[in-house]
Amino acid sequence: QVELVESGGGSVQTGGSLRLSCATYGLRYRYYCMAWFRQAPGKQREWLSSITPDAITAYTGSVKGRFTISKDNSENTVSLEMNNLNPEDTGMYYCAADTHLWTPPSCSTDFDAWNVWGQGTQVTVSS
């Protein structure tokens with residue numbers, strides 16, 4: 001059974017940091033693109049960052065320079081290091097995998113391509 005399990009969310013003040021982790025089960029994740037998404041209250045889920053099987057990373061503009069995605073193939077985990085957090089970063093954070101055949105060099109930007117999702121972990125940033 002394929003499963004993604006996020007952890008590491010919590011409440012921090014503006015300027016604080018958090019590290020999210022996504023544990024993968026039953027997924028040969030090193031062959032797939034992995035990503036982090038965020039859904040703020042009342043808003044659509046948005047893509048934040050992705051990492052290819054070759055460990056090439058990409059970020060949306062609002063988090064570039066503050067967030068870092070990484071993966072540990074020995075632990076089958078994908079992480080998101082988040083620094084200099086602000087209240088606009090508040091939301092539910094989701095880990096996702098695209099298990100379709102990967103076409104280098106980058107991950108898909110099509111939301112529908114991300115077909116395996118975790119349950120999410122809440123991040124709240126207070127001012």
Side-chain angles (χ1 to χ4, degrees):
Q1 182 178 349
V2 176
E3 190 176 11
L4 304 179
V5 180
E6 302 95 335
S7 62
S11 297
V12 296
Q13 292 188 324
T14 296
S17 299
L18 284 172
R19 183 179 178 88
L20 306 183
S21 291
C22 173
T24 69
Y25 301 95
L27 181 72
R28 298 170 65 189
Y29 94 112
R30 66 185 65 191
Y31 299 106
Y32 305 127
C33 279
M34 301 293 297
W36 285 94
F37 288 75
R38 175 174 68 203
Q39 188 162 20
K43 294 187 177 181
Q44 288 188 330
R45 195 171 299 186
E46 63 171 331
W47 171 83
L48 298 179
S49 178
S50 58
I51 187 166
T52 71
D54 289 349
I56 304 302
T57 60
Y59 301 90
T60 193
S62 64
V63 308
K64 196 170 186 179
R66 300 189 298 124
F67 290 12
T68 303
I69 191 171
S70 61
K71 61 179 181 175
D72 185 335
N73 289 338
S74 65
E75 297 290 334
N76 291 340
T77 59
V78 180
S79 298
L80 187 68
E81 182 76 29
M82 307 186 296
N83 297 311
N84 195 23
L85 288 161
N86 60 66
E88 289 69 40
D89 295 314
T90 293
M92 188 70 79
Y93 283 67
Y94 296 90
C95 176
D98 175 359
T99 64
H100 301 97
L101 181 65
W102 177 53
T103 304
S106 58
C107 297
S108 174
T109 58
D110 181 357
F111 182 85
D112 291 335
W114 301 94
N115 57 336
V116 181
W117 293 86
Q119 83 290 348
T121 185
Q122 177 69 35
V123 172
T124 303
V125 185
S126 59
S127 56

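Rounded to the nearest 0.5 Å, atoms CG (Asn76) and CG (Leu4) are 11.0 Å apart. Atom OG1 of Thr57 and atom NZ of Lys64 lie 8.5 Å apart (nearest 0.5 Å). In this structure, CG on Asn115 lies 9.0 Å from OH on Tyr32, to the nearest 0.5 angstrom. In this structure, CG in Asp72 is found 9.5 Å from CZ in Arg30, a value given to the nearest 0.5 Å.
Counting heavy atoms from C-beta outward, Thr99 and Tyr31 have side chains that stay 4.5 Å or more apart. In this structure the side chain of Val116 never reaches within 4.5 angstrom of the side chain of Glu3, judged on heavy atoms. Annotation: side chain of Asp110 is not in contact with side chain of Trp47 (no heavy-atom distance under 4.5 Å).
Under the rule for a side chain to side chain contact (heavy atoms under 4.5 Å, CB included), Thr109 has no partner lying at least two apart in sequence or in another chain. In this structure Gln13 satisfies the side chain to side chain contact (heavy atoms under 4.5 Å, CB included) test together with Ser126, sequence neighbours excluded. Under the ring pair (Phe, Tyr, Trp, His ring centres under 6.0 Å) criterion, Phe111 pairs with Phe37, Trp117, sequence neighbours left out.
Summarising the geometry of Ser108 relative to Asp98, their closest heavy-atom pair is CB-OD2, 3.8 Å, with the distance given to 0.1 Å. Scanning all heavy atoms of the two residues, the minimum distance from Tyr59 to Thr68 falls at OH-CA, 3.3 Å. Scanning all heavy atoms of the two residues, the minimum distance from Ile69 to Met34 falls at CD1-O, 4.1 Å. Taking both residues in full, the closest heavy atoms of Ala97 and Leu27 are given as CB-CD2, 3.8 Å, listed atom of the first, atom of the second, then distance. Here the closest non-hydrogen pair linking Val123 and Asp89 is CG1-O, 4.2 Å.
Side chain of Ser49 to main chain of Ala58: a donor-acceptor pair is present (N/O by atom type, distance under 3.5 Å, no hydrogens or angles). Without hydrogens or angle criteria, Arg38 side chain to Gly91 main chain gives no donor-acceptor distance under 3.5 Å. Under a 3.5 Å cut-off, the side chain of Asp54 and the backbone N or O of Ile56 do not form any donor-acceptor pair. Checked by atom type and distance alone, the side chain of Ser79 never pairs as donor or acceptor with a backbone atom of Ser70 at under 3.5 Å. Between the Thr14 side chain and the Asn86 main chain, no donor and acceptor come within less than 3.5 Å of each other.
In the hydrophobic clustering (ILVMFWY side chains linked at under 4.5 Å, chained through shared members), Val5 is joined by Tyr25.
For residues 84-106, there are no ring-ring contact (aromatic ring centres under 6.0 Å, His included) pairs, not counting sequence neighbours. Identified under the disulfide bond (SG atoms under 2.5 Å apart) test for residues 54-109, with sequence neighbours left out: Cys22-Cys95, Cys33-Cys107.
Met92 pairs with exactly one of Glu6, Gln122, Gln119, Arg45 by the side-chain contact (heavy atoms from CB on, under 4.5 Å) rule, that one being Gln122.
In terms of hydrophobic clustering, with Ile, Leu, Val, Met, Phe, Trp and Tyr side chains grouped at heavy-atom distances under 4.5 Å, Trp114 and Val63 are assigned to different clusters. Under the 4.5 Å side-chain heavy-atom criterion for Ile, Leu, Val, Met, Phe, Trp and Tyr, Ile51 and Met82 are members of the same hydrophobic cluster. By the rule that hydrophobic residues join a cluster once side-chain heavy atoms approach within less than 4.5 Å of another member, Val12 and Phe67 end up as members of one cluster.
Between the side chains of Ser17 and Asn83, at least one donor-acceptor pair of N or O atoms lies under 3.5 Å.
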